[in-house]
**Q** 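Okay, here's the structure, questions in a sec.
Predicted model only: the values in this text are computed from it and were never measured.
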Amino acid sequence: MSLSLNQWTTRRWTVTQAVDGCVRHGLEAVGLWREKVAEEGLARSVKLVREAGLRVSSLCRGGFLTAGGLPGEEGRRAFAQALDDNRRAVDEAAELEAACLVMVVGGLPGVKPGEPLPETATGSGSTTGSVAPAGFSRNLAGARERVAEALAELAPYAGERGVKLALEPLHPIYCPDRAVLSTLGQALDLSLPYPEEQVGVVVDTFHVWWDPRLFEDIARAGRRIASYQVCDYLHPLPQDILLGRGMMGDGVIDFRPITRAVLAAGYAGDVEVEIFNADIWAADPDQVVATMKSRYEDVVLARP
């Protein structure tokens, strides 16, 4: 395995700056974000990474497939729009020759990431999963069904273009608004109907470290592990829980046994450091990358 910089760790860097930074620090791979690629331009982003001799360890992100769980025409339109956007994401990943397209599948239909429910929705809807008048649904099982339906459409499309969809389970705290897949086992089960070249899973330490079935499911995943992402889980979490990721060694995760398990499962790809943290984003990006390299060696690698 080798180290990759996920672009969101040095969020201020453009694609040009991230590529230059990777070369400057001796990294062989970079994980890119679609927003940054769009700002730079897809063709120029492809040219930059190829001329630098870098691998694109992942493109983030596809997904947000669950809005189709809304009723009637609104749901049908949302589902069609999500499929169209994900096809575009697959095409971008193919152009970049990314190792995978990370799929953050979406939360409950109509619940927007990081935003409160509409006031009119408070107390509305039944506890049985009915659609609330304010336009969101509590039907968690139905949301997961929408993900499966979308995957049936997208997996063959990705396979034809040589792109692997990488289902990323997120910590349960993000289930309402970002990902109705909360465990590696759930993501793996959803991937199994498809060839491993089409659909795999992401092992992100922040999201899965707590799972009592983690090591069993890593072994079961085997070659379906499409991406191994690392950062630490801070305690206590900040008020904005999205920013609760820390540099490896600054939180509660024991990385070495997870890394050993991922290696034993046959993963030989890059290890991305992906950190959402306001202090790290405000710091000098070159210092962040230098610290990242040091912590990778000292904290993450599965050496005796």
**Q** Do you know which two heavy atoms are closest between Y228 and I258, and how far apart they sit?
**A**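 Closest pair (atom of Y228, atom of I258, distance): OH-CG2, 3.7 Å.
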
**Q** What distance do I253 atom CD1 and H235 atom NE2 have between them, rounded to the nearest 0.5 Å?
**A**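 Output value for this atom pair is 13.5 Å.
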
**Q** Short question: side chain of T66, backbone of A143 - any donor-acceptor pair under 3.5 Å?
**A**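 Between the backbone of A143 and the side chain of T66 there is no qualifying donor-acceptor contact (under 3.5 Å).
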
**Q** Quick check: does any side chain N or O of R11 sit under 3.5 Å from a backbone N or O of Q7, one acting as donor and the other as acceptor?
**A**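 Not at all, since once roles are kept as given, no pair shorter than 3.5 Å links the two residues.
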
**Q** Considering only heavy atoms from C-beta outward, does the side chain of V90 approach that of L154 to under 4.5 Å?
**A**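 Contact flag for V90/L154 side chains = no.
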
**Q** Checking R224 against E196 for the salt bridge (Lys or Arg N to Asp or Glu O under 4.0 Å) test, could you report, in this order, the C-alpha distance in whole Å, the side-chain angles of both residues, the deciding distance, and whether it holds?
**A** CA-CA 6 Å; R224 284 191 185 269; E196 63 183 28; 5.3 Å; no

**Q** Indicate whether any N or O donor in one side chain lies under 3.5 Å from an N or O acceptor in the other, for D20 and W13.
**A**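 Short answer, no.
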
**Q** For residues F215 and P257, determine if any side-chain heavy atom of one lies less than 4.5 Å from a side-chain heavy atom of the other.
**A**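 Of all side-chain heavy-atom pairs linking P257 with F215, at least one is under 4.5 Å.
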
**Q** Looking only at heavy atoms, which two atoms of R144 and S182 are closest? And how far apart?
**A**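 Taking every non-hydrogen atom into account, NH2-OG, 4.4 Å.
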
**Q** Hey, does V201 have a side-chain heavy atom less than 4.5 Å from the side chain of E168?
**A**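 No, every pair of side-chain atoms sits at 4.5 Å or beyond.
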
**Q** I'd like to know whether R55 forms a salt bridge (Lys or Arg N to Asp or Glu O under 4.0 Å) with E97, so could you lay out the CA-CA distance, the side-chain angles of the two residues, the decisive distance to 0.1 Å, and finally the verdict.
**A** CA-CA 8 Å; R55 296 182 298 274; E97 298 181 355; over 6 Å; no

**Q** Calculate, to the nearest 0.5 Å, the distance between atoms CZ and CZ belonging to R178 and R61 respectively.
**A**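 These two atoms lie 7.0 Å from each other.
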
**Q** Just checking, any donor-acceptor pair under 3.5 angstrom between side chains of Y267 and S227?
**A**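 No, no side-chain donor-acceptor pair sits under 3.5 Å.
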
**Q** Can we say D91 and R88 salt-bridge, meaning some charged N sits less than 4.0 Å from an Asp/Glu carboxylate O?
**A**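 Between R88 and D91 there is no salt bridge, as every charged N stays at least 4.0 Å from the carboxylate O atoms.
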
**Q** If the condition is salt bridge (charged side-chain N to carboxylate O under 4.0 Å, His left out), which residues does D232 pass it with, not counting sequence neighbours?
**A**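 Expected list: none.
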
**Q** Answer yes or no: does atom CZ of R256 have more than 12 heavy-atom neighbours from other residues, nucleotides or ligands under 6.0 Å?
**A**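 Atom CZ in R256 is crowded, with more than 12 foreign heavy atoms closer than 6.0 Å.
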
**Q** Would you say that more than 12 heavy atoms from the other residues, nucleotides or ligands in this model lie under 6.0 Å from the CD of Q239, or not?
**A**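 Open.
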
**Q** Identify, with sequence neighbours excluded, every residue that meets side-chain hydrogen bond (donor to acceptor under 3.5 Å, both in side chains) alongside Q81.
**A**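 Here no residue qualifies.
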
**Q** In Å and rounded to the nearest 0.5 Å, what is the CE to CE distance from M292 to M247?
**A**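 Output value for this atom pair is 7.5 Å.
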
**Q** What's the separation between atom CD1 in I280 and atom SG in C231, rounded to the nearest 0.5 Å?
**A**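 One gets 8.5 Å once the value is rounded to the nearest 0.5 Å.
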
**Q** side-chain contact (heavy atoms from CB on, under 4.5 Å) between M248 and V273: does it pass, once the steps are laid out?
**A** CA-CA 9 Å; M248 300 81 71; V273 176; 3.7 Å; yes

**Q** Are the side chains of V19 and T14 in contact, using a 4.5 Å heavy-atom criterion?
**A**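 With C-beta onward as the side chain, the pair stays apart.
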
**Q** Between S58 and E272, does the side-chain hydrogen bond (donor to acceptor under 3.5 Å, both in side chains) criterion hold? Intermediate values first, please.
**A** CA-CA 9 Å; S58 74; E272 281 189 13; 2.6 Å; yes

**Q** May I ask you to test the R146-L65 pair for a side-chain heavy-atom distance under 4.5 Å?
**A**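 No, too far: nothing below the 4.5 Å cut-off.
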
**Q** Could you pull out the closest heavy-atom pair between V15 and K36, with the gap in Å?
**A**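 For V15 versus K36, the nearest heavy atoms are CG2-O, 3.5 Å.
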
**Q** Quick one, E92 with R34, criterion salt bridge (Lys or Arg N to Asp or Glu O under 4.0 Å). Give me CA distance, side-chain angles, the key distance, then yes/no.
**A** CA-CA 8 Å; E92 293 162 14; R34 292 181 68 200; 2.8 Å; yes

**Q** Determine whether the side chains of T205 and Q229 contain a donor N or O and an acceptor N or O closer than 3.5 Å.
**A**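 Q229 and T205 do not have a side-chain donor-acceptor pair below 3.5 Å.
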
**Q** Could you report the tightest heavy-atom contact between V262 and V203, atom names first, then the distance?
**A**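 Residues V262 and V203, closest heavy atoms: CG2-CG1, 4.2 Å.
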
**Q** Can you check whether E274 reaches W33 side chain to side chain, under 4.5 Å on heavy atoms?
**A**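 E274 reaches W33 side chain to side chain.
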
**Q** Quick one: do H25 and D286 satisfy side-chain contact (heavy atoms from CB on, under 4.5 Å)? Show the steps, please.
**A** CA-CA 8 Å; H25 288 274; D286 279 294; 2.8 Å; yes

**Q** Is any side-chain heavy atom of V105 closer than 4.5 Å to a side-chain heavy atom of L151?
**A**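 A side-chain contact is absent here, since even the closest heavy-atom pair is not under 4.5 Å.
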
**Q** Flag the pair L234 / R245 as yes when at least one side-chain heavy-atom distance between them is below 4.5 Å, and no otherwise.
**A**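 Not in contact.
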
**Q** Can I get a per-line list of side-chain donor-acceptor pairs under 3.5 Å for residues 169-177, giving both atom names and the distance, sequence neighbours left out?
**A**
| unit_1 | atom_1 | unit_2 | atom_2 | d |
| --- | --- | --- | --- | --- |
| H171 | ND1 | I173 | N | 3.2 |
| Y174 | OH | I241 | O | 2.6 |
| D177 | OD2 | G114 | N | 2.8 |

**Q** List the steps and the verdict of side-chain hydrogen bond (donor to acceptor under 3.5 Å, both in side chains) for T183 and D211.
**A** CA-CA 7 Å; T183 69; D211 187 349; 4.6 Å; no

**Q** Tell me whether the NZ or CZ atom of R161 lies within the 45° cone about the ring axis of Y157 and under 6.0 Å from its centre.
**A**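 Yes; both conditions hold, so R161 lies above the ring face of Y157.
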
**Q** side-chain contact (heavy atoms from CB on, under 4.5 Å), that's the test. Do R77 and E74 meet it? Break it down for me.
**A** CA-CA 5 Å; R77 184 172 59 251; E74 184 179 6; 4.3 Å; yes

**Q** Which residue, V102, L32, L101, forms the side-chain contact (heavy atoms from CB on, under 4.5 Å) with C60?
**A**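 Running side-chain contact (heavy atoms from CB on, under 4.5 Å) over V102, L32, L101 with C60 returns exactly one hit, V102.
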
**Q** Give, for atom CD1 of I225 and atom OG of S191, the distance between the pair rounded to the nearest 0.5 Å.
**A**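 It comes to 10.5 Å.
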
**Q** If you round to the nearest 0.5 Å, how far is CZ of R295 from CZ of F255?
**A**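 Here the interatomic distance stands at 10.0 Å.
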
**Q** Can you name the closest pair of heavy atoms from F206 and G244 and give their distance?
**A**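 So the minimum-distance heavy-atom pair works out to CE1-O, 3.4 Å.
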
**Q** Where is the tightest heavy-atom contact between A278 and L243, given as atom of each residue plus distance?
**A**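 Nearest heavy atoms, A278 then L243: CB-CD1, 4.1 Å.
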
**Q** Treating T9 as the side-chain partner and I275 as the backbone partner, does any N or O pair qualify as donor plus acceptor under 3.5 Å?
**A**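 Yes.
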
**Q** Looking at D270, is its backbone amide N or carbonyl O close enough to the side chain of S4 to form a donor-acceptor pair, meaning the two atoms are under 3.5 Å apart?
**A**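 The answer is no, because no donor-acceptor pair under 3.5 Å joins these two groups.
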
**Q** Under the criterion side-chain contact (heavy atoms from CB on, under 4.5 Å), I'd like the reasoning laid out for Y233 against W210: C-alpha separation, chi angles, the key distance, then a yes or no.
**A** CA-CA 10 Å; Y233 189 101; W210 58 273; over 6 Å; no

**Q** Give the intermediate values and the outcome of salt bridge (Lys or Arg N to Asp or Glu O under 4.0 Å) for residues D284 and R12.
**A** CA-CA 10 Å; D284 174 23; R12 285 186 287 151; 5.4 Å; no

**Q** Can you check whether S2's main-chain N or O pairs, donor with acceptor, with E28's side chain at less than 3.5 Å?
**A**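 A pair under 3.5 Å: no.
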
